[in-house]
A.B. asks: 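Pasting a structure here, questions to come.
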Amino acid sequence: MSILSTFSRQELPKEADAVVIGAGIQGCAAAYYLARRGAKVVVLEKARIAGQQSGRAWGFVRAMDRDPAETSLMLASLKLWQGLEAELGADLEWRQDGNLFMARDEAELSRYEIGAARDRVFGVDTKVITPKEVSALIPALVDPGVGALWGPKEGQAEPRKVCHAFAAKATQLGALFFEGCGAAGIERQGGAVTSVLSEAGTIRTKIAIVAAGASSHRVMKGLGLDLPQQIARFTCTRTNPVPHLSNIAFYGHHIGFRQRGDGTLNLAEELQVDVDLTLDRFRALKWFLPSLWENRRATSFKVNGVTGRDLLHRLPGRPETLQPWIHDRDPLVPPNMKRVRNAVAQLGKLFPVAMGVQAVESWAGQVDLMPDGIPVLGPVAEIPGLLLATGLTGHGFGMGPIVGKLMSELALDGKPSHDLNAFRFSRYAEGKVGRSTTRY
């Protein structure tokens with residue numbers, strides 16, 4: 001029997017204006033914006049709030065160097081971030097001191113020039129800067145390279161705090177969160193949503209919001225729909241406190257990091273991806289083959305304990321086969337410690353003042369990927385009342401506030417304040433899918 005969350009300390013209601021499936025940042029933000037407008041909202045979470053990628057992200061919040069389809073949404077999200085600490089009444093470790101992306105070579109610098117010009121058309125404050133300017137911004141860096149892309153108004157925040165702050169404020173406004181209580185089905189009448197089945201009972205509703213992260217494709221499969229979503233494993237580490245390096249979120253020279261107020265770093269090896277081989281990896285393979293080939297040097301395929309666990313889950317009679325929507329309730333996502341050691345060593349080379357840096361805590365997250373590198377946001381035409389907020393492809397943390405707000409608008413007004421046509425679910429069936437230009 002499922003354990004109802006002590007977070008809400010209430011029994012599952014019989015009906016709601018909207019039911020959100022998943023308590024990552026998209027789900028928690030949607031619950032907050034719905035509750036702020038007086039809606040009765042229930043959030044079902046098979047494990048715990050921010051238990052997966054939403055609590056394991058790097059913490060970068062940026063509009064620069066995005067796929068053009070995402071840029072206007074991220075600008076809107078940045079505006080929301082600026083007032084979020086006051087609005088939620090919580091310390092989110094929000095800082096708006098900029099993001100800096102080092103160029104690997106002159107070719108990438110030229111690409112940054114083109115991207116910066118495009119970004120400025122959208123209103124993003126970004127430009128390419130010289131090695132001398134890089135050194136002026138980050139004096140502790142010994143190698144300014146050939147230059148960098150600089151966004152002075154980009155931000156950062158602490159992933160471990162943000163979801164819980166959204167959930168806490170949503171709860172104050174009447175939203176109900178149930179951890180350890182997964183969604184098990186959606187009932188329909190005339191094709192439209194009429195109720196959501198949970199492990200603890202049925203909730204009558206006309207709106208179901210699927211914000212289940214890497215599990216969203218299972219929910220869609222249960223509804224007879226194919227979401228070509230895949231998963232990659234990204235490793236991150238937190239270090240001991242080191243002398244001040246920079247308030248800027250830094251990416252380049254084979255690492256990415258941001259320094260927190262206590263001197264510790266959230267540190268990762270630059271754009272290195274592990275793909276744990278399971279039978280699921282062959283699903284929707286045709287969509288991902290082009291990007292897999294293009295990113296082959298940054299991608300490592302692993303046969304490991306995750307592979308064995310996947311096979312075990314598929315045995316007849318296992319809970320995962322009996323409850324396909326829930327599947328693996330709290331998947332173990334092991335960090336790649338080789339990547340941690342590489343990142344720590346590289347940081348010491350680039351910043352001699354931090355030569356004694358040590359990894360204190362390491363983790364990994366499951367990033368849900370879409371073939372074209374942009375999310376699926378909006379209604380599903382085949383099932384009136386069903387809304388999708390998934391496939392954020394490593395951008396979910398920064399986009400969380402605006403995605404949550406848009407889901408509330410769709411649920412309550414029937415239309416969003418931003419054009420979501422580029423993110424429609426139907427683009428896959430239509431075959432109108434571009435090439436991924438994403439940077440995580």
Side-chain angles (χ1 to χ4, degrees), residues 17-31 33-34 41-46 52-54 67 69-70 73 77 182-183 185-188 191-194 196 205-231 283-284 287 324-325 366-397 399-430 432-433:
D17 295 318
V19 174
V20 180
I21 300 171
I25 189 167
Q26 322 303 325
C28 290
Y33 287 109
L34 283 162
V41 56
V42 172
V43 181
L44 302 175
E45 169 53 53
K46 66 179 182 179
Q52 289 297 319
Q53 180 58 23
S54 289
D67 186 294
E70 290 185 343
L73 287 190
S77 203
I186 292 177
E187 292 183 327
R188 290 168 279 174
V193 173
T194 57
V196 175
T205 186
K206 293 182 179 180
I207 299 291
I209 301 174
V210 178
S215 296
S216 297
H217 71 276
R218 299 187 187 283
V219 175
M220 297 302 287
K221 182 179 179 181
L223 296 171
L225 299 170
D226 181 33
L227 177 70
Q229 177 188 56
Q230 277 292 352
I231 300 166
R283 182 182 49 79
W287 293 104
W325 280 34
Q366 291 182 324
V367 175
D368 56 324
L369 308 176
M370 300 307 296
D372 48 0
I374 59 175
V376 181
L377 306 174
V380 177
E382 295 89 337
I383 305 177
L386 182 68
L387 305 178
L388 263 179
T390 193
L392 275 294
T393 313
H395 306 164
F397 181 70
M399 292 182 73
I402 189 61
V403 170
K405 188 171 185 290
L406 290 168
M407 290 301 110
S408 72
E409 292 168 355
L410 283 165
L412 301 179
D413 306 326
K415 61 180 181 179
S417 54
H418 290 265
D419 182 6
L420 298 180
N421 183 61
F423 310 108
R424 66 195 184 281
F425 171 64
S426 64
R427 68 186 190 264
Y428 298 103
E430 296 164 4
K432 297 179 179 178
V433 180

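Note that the numbering runs from 1 along the sequence shown for the chain. This one's a predicted model, so the numbers in the text were calculated from it and none came from an experiment.
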A.B. asks: Do NZ/NE/NH1/NH2 and the carboxylate oxygens of R427 and D372 come within less than 4.0 Å?
C.D. replies: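 Counted as a salt bridge, because a side-chain N and a carboxylate O are separated by less than 4.0 Å.
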A.B. asks: Is it true that the side chains of S417 and E409 contain a donor and an acceptor less than 3.5 Å apart?
C.D. replies: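 Yes, side-chain donor-acceptor contact under 3.5 Å.
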A.B. asks: Applying side chain to side chain contact (heavy atoms under 4.5 Å, CB included), run through Q53 and L392 and close with a yes or a no.
C.D. replies: CA-CA 11 Å; Q53 180 58 23; L392 275 294; over 6 Å; no
A.B. asks: Quick one: list whatever passes ring-ring contact (aromatic ring centres under 6.0 Å, His included) with F397, sequence neighbours left out.
C.D. replies: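 Once residues adjacent in sequence are excluded, the partners of F397 under the ring-ring contact (aromatic ring centres under 6.0 Å, His included) criterion are W81.
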A.B. asks: When you measure from the side chain of S77 to the backbone N and O of L73, does any donor-acceptor pair fall under 3.5 Å?
C.D. replies: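 Checking the backbone N and O of L73 against the side chain of S77, no donor-acceptor pair under 3.5 Å is found.
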A.B. asks: Testing the 3.5 Å rule here: is there a donor-acceptor pair between the side chains of Q26 and T390?
C.D. replies: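 Note: Q26 and T390 side chains miss the donor-acceptor criterion.
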A.B. asks: Check whether T393 reaches the backbone of L369 with its side chain - one donor and one acceptor, N or O, closer than 3.5 Å.
C.D. replies: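 Such a contact is absent between T393 side chain and L369 backbone.
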A.B. asks: Is there a donor-acceptor contact under 3.5 Å from the side chain of T194 to the main chain of E187?
C.D. replies: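 Here the side-chain-to-backbone pair exists.
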A.B. asks: With respect to V19, which candidate in T205, V43, V210 satisfies the side-chain contact (heavy atoms from CB on, under 4.5 Å) definition?
C.D. replies: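 Looking at T205, V43, V210, the match for V19 under the side-chain contact (heavy atoms from CB on, under 4.5 Å) is T205.
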A.B. asks: Any side-chain heavy-atom pair from K46 and S215 closer than 4.5 angstrom?
C.D. replies: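 They are in side-chain contact.
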A.B. asks: Could you please spell out the steps behind the side chain to side chain contact (heavy atoms under 4.5 Å, CB included) verdict for Q366 and Q52?
C.D. replies: CA-CA 7 Å; Q366 291 182 324; Q52 289 297 319; 4.2 Å; yes
A.B. asks: Could you go through the side chain to side chain contact (heavy atoms under 4.5 Å, CB included) check for L388 and L377 one step at a time?
C.D. replies: CA-CA 5 Å; L388 263 179; L377 306 174; over 6 Å; no
A.B. asks: Run the side chain to side chain contact (heavy atoms under 4.5 Å, CB included) test on D368 and S216 for me, step by step, so that the C-alpha distance in whole Å, both residues' side-chain angles and the decisive distance to 0.1 Å come before the verdict.
C.D. replies: CA-CA 9 Å; D368 56 324; S216 297; 5.5 Å; no
